[in-house]
> 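Input: one structure, supplied below.
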Amino acid sequence: MTHHSGLHFGRLRMAVAAVLLMALAACATPFKADVSRFATQLPAPQGQSFAVVADNPKLAGGLEFSQYASLVSQRLAKLGYTPVEDPSKATLVVRFDYGVDTGRERVRSTGVGPVGPWGPWGGYGGFYGRRWGGWGGGFGWGGPWRYGWYDPFFDNSIQSYTIYTSGIDLKIDRAADGQRLFEGKAEAVSTSNRLQYVVPNLVEAMFTNFPGNSGETVRITVAPEKK
């Protein structure tokens with residue numbers, strides 16, 4: 001009886017673990033960003049031209065920045081504003097910045113495992129994580145891609161993976177006198193630190209129902225990353 005019970009329990013653990021691993025591999029949750037926008041006297045598009053410039057001098061002139069700046073330019077052009085290359089010839093100067101932090105590890109119990117000191121299934125009893133770094137007045141990015149999990153058969157049913165906080169800043173100034181007309185921030189937490197994925201999604205979130213209600217922070221959901 002003991003042998004059969006142990007065999008049955010082992011098979012059950014294998015089945016549950018397989019389901020967990022498939023769910024983890026197939027996870028394609030939508031991209032959710034928190035967007036905060038503030039606007040005052042933002043002019044109607046007619047007769048207004050704009051140029052997108054790097055708010056962070058380190059990004060100025062880079063091919064990567066140009067790629068993401070073009071996304072901003074396209075969205076403003078769709079609203080009716082006219083893009084120009086030379087900021088000195090624009091009526092609006094659009095300052096753009098982006099980044100992703102170095103990540104932080106999160107660990108959670110899968111609920112499968114032997115009896116241990118933390119609970120009947122060896123779990124720590126919940127989901128927890130640590131955050132370090134942060135924006136702190138500027139973006140801190142460049143961390144390596146790290147994604148992993150602990151095998152529930154050998155690691156007391158604990159999964160570990162890295163999450164990253166990404167963000168963009170968008171500011172619009174009137175060129176004639178430098179008056180600030182719009183400020184927007186979009187931030188998201190995801191398991192990806194690929195700027196090629198997070199920045200376009202953050203730009204899409206920023207321009208959803210643009211310019212929005214001044215002073216309001218909203219949660220914007222966009223499509224998940226394609227595998």
Side-chain angles (χ1 to χ4, degrees), residues 31 33-43 45-103 132-146 162 164-208 210-212 220 222-223 225-226:
F31 186 96
D34 290 322
V35 182
S36 300
R37 294 173 289 206
F38 299 85
T40 175
Q41 300 178 353
L42 190 64
Q46 290 72 22
Q48 300 294 325
S49 59
F50 71 92
V52 181
V53 300
D55 202 29
N56 182 348
K58 294 181 179 180
L59 299 178
L63 294 177
E64 183 180 48
F65 173 80
S66 296
Q67 176 180 332
Y68 302 139
S70 68
L71 300 177
V72 175
S73 182
Q74 291 168 17
R75 298 306 293 257
L76 285 170
K78 286 183 178 180
L79 293 173
Y81 296 94
T82 302
V84 296
E85 293 291 335
D86 188 353
S88 66
K89 297 180 180 180
T91 60
L92 302 173
V93 177
V94 181
R95 306 184 186 280
F96 180 55
D97 195 8
Y98 57 85
V100 60
D101 67 10
T102 56
W132 58 87
W135 306 115
F139 292 122
W141 58 83
W145 165 253
R146 294 170 296 167
T162 304
Y164 303 88
T165 299
S166 55
I168 64 172
D169 281 346
L170 187 70
K171 303 169 184 174
I172 301 177
D173 297 337
R174 188 163 57 202
D177 56 7
Q179 181 177 344
R180 180 64 44 83
L181 303 177
F182 175 88
E183 289 183 355
K185 294 181 181 291
E187 285 192 351
V189 175
S190 69
T191 55
S192 177
N193 70 343
R194 293 196 313 111
L195 290 174
Q196 299 94 326
Y197 165 60
V198 297
V199 173
N201 277 303
L202 289 167
V203 170
E204 181 178 347
M206 176 68 72
F207 283 95
T208 299
F210 184 87
I220 305 295
V222 295
E225 182 175 16
K226 295 181 180 179

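In what follows, every heavy atom counts, from backbone to side chain, and hydrogens, waters and symmetry copies are set aside.
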> Give, for atom CG of Asn56 and atom CG of Asp169, the distance between the pair rounded to the nearest 0.5 Å.
10.0 Å
> Please report whether the ring centroid of Tyr68 lies less than 6.0 Å from that of Phe96.
no
> What pairs of residues pass the salt bridge (charged side-chain N to carboxylate O under 4.0 Å, His left out) test when at least one of them lies in residues 47-64, not counting sequence neighbours?
Asp55-Lys171
> To the closest 0.5 Å, what do you measure between CG (Asp173) and CG (Leu181)?
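The distance works out to 7.0 Å.
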> Test of understanding: with ring pair (Phe, Tyr, Trp, His ring centres under 6.0 Å), list the residues that count as partners of Tyr81, not counting sequence neighbours.
none
> Please name all residues satisfying side chain to side chain donor-acceptor pair (under 3.5 Å) with Ser70, sequence neighbours left out, ordered by chain then number.
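With sequence neighbours excluded, Ser70 shows a side chain to side chain donor-acceptor pair (under 3.5 Å) to no residue whatsoever.
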> For Phe210, what residues pass the ring pair (Phe, Tyr, Trp, His ring centres under 6.0 Å) criterion, not counting sequence neighbours?
Phe182, Phe207
> Provide the closest heavy-atom pair for Leu195 versus Tyr98 in the form atom of the first, atom of the second, distance.
CD1-CE1, 4.1 Å
> Rounded to the nearest 0.5 Å, what's the gap from CD on Gln46 to OG1 on Thr82? Could you check?
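One gets 9.5 Å once the value is rounded to the nearest 0.5 Å.
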> For Ser192 and Val198, work out which heavy atoms get closest and say how close.
O-CG1, 3.8 Å
> Could you name each residue pair satisfying salt bridge (charged side-chain N to carboxylate O under 4.0 Å, His left out) that touches residues 72-82, not counting sequence neighbours?
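Residue pairs with at least one partner in residues 72-82: there are none.
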> For Ala186, enumerate each residue passing the side chain to side chain contact (heavy atoms under 4.5 Å, CB included) test, keeping only those at least two apart in sequence or located in another chain.
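Val35, Ile168, Leu202, Met206.
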> For Gln48, what residues pass the side chain to side chain donor-acceptor pair (under 3.5 Å) criterion, not counting sequence neighbours?
Thr91
> Between CG of Asn201 and CG of Leu71, what distance do you get to the nearest 0.5 Å?
10.5 Å
> First locate atom NZ of Lys185, then atom CZ of Phe38, and finally report the distance between them rounded to the nearest 0.5 Å.
9.5 Å
> Could you list the residues that satisfy side chain to side chain contact (heavy atoms under 4.5 Å, CB included) with Val94, not counting sequence neighbours?
Phe50, Val52, Val72, Leu76, Leu170, Ile172
> Show every salt bridge (charged side-chain N to carboxylate O under 4.0 Å, His left out) that has at least one partner inside residues 79-90, sequence neighbours left out.
none
> Do you know the tightest heavy-atom contact between Ala90 and Ser49?
CA-OG, 3.3 Å
> Any idea which heavy atoms bring Ala205 and Ala33 closest together, and the distance?
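For Ala205 and Ala33, the tightest heavy-atom pair comes out as CB-CB, 3.8 Å.
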> What is the ring orientation for Phe31 with Tyr197, classed by angle as parallel under 30°, tilted 30 to 60°, or perpendicular over 60°?
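Rings of Phe31 and Tyr197: perpendicular, over 60°.
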> Sequence neighbours left out, what passes side chain to side chain donor-acceptor pair (under 3.5 Å) with Ser36? Give chain and number order.
Thr217
> Identify the two heavy atoms, one from Pro83 and one from Ala77, that lie closest to each other, and give their separation to 0.1 Å.
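Between these two residues, the closest heavy atoms are CD-CB, 4.4 Å.
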> List for me each residue that meets salt bridge (Lys or Arg N to Asp or Glu O under 4.0 Å) alongside Asp177, sequence neighbours excluded, and say none if there are none.
Arg174
> Where do Leu59 and Phe65 come nearest, in terms of heavy atoms and distance?
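In terms of heavy atoms, the two residues are closest at O-CB, 3.3 Å.
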> Which residues pass the salt bridge (Lys or Arg N to Asp or Glu O under 4.0 Å) test with Glu183, sequence neighbours left out?
Arg180
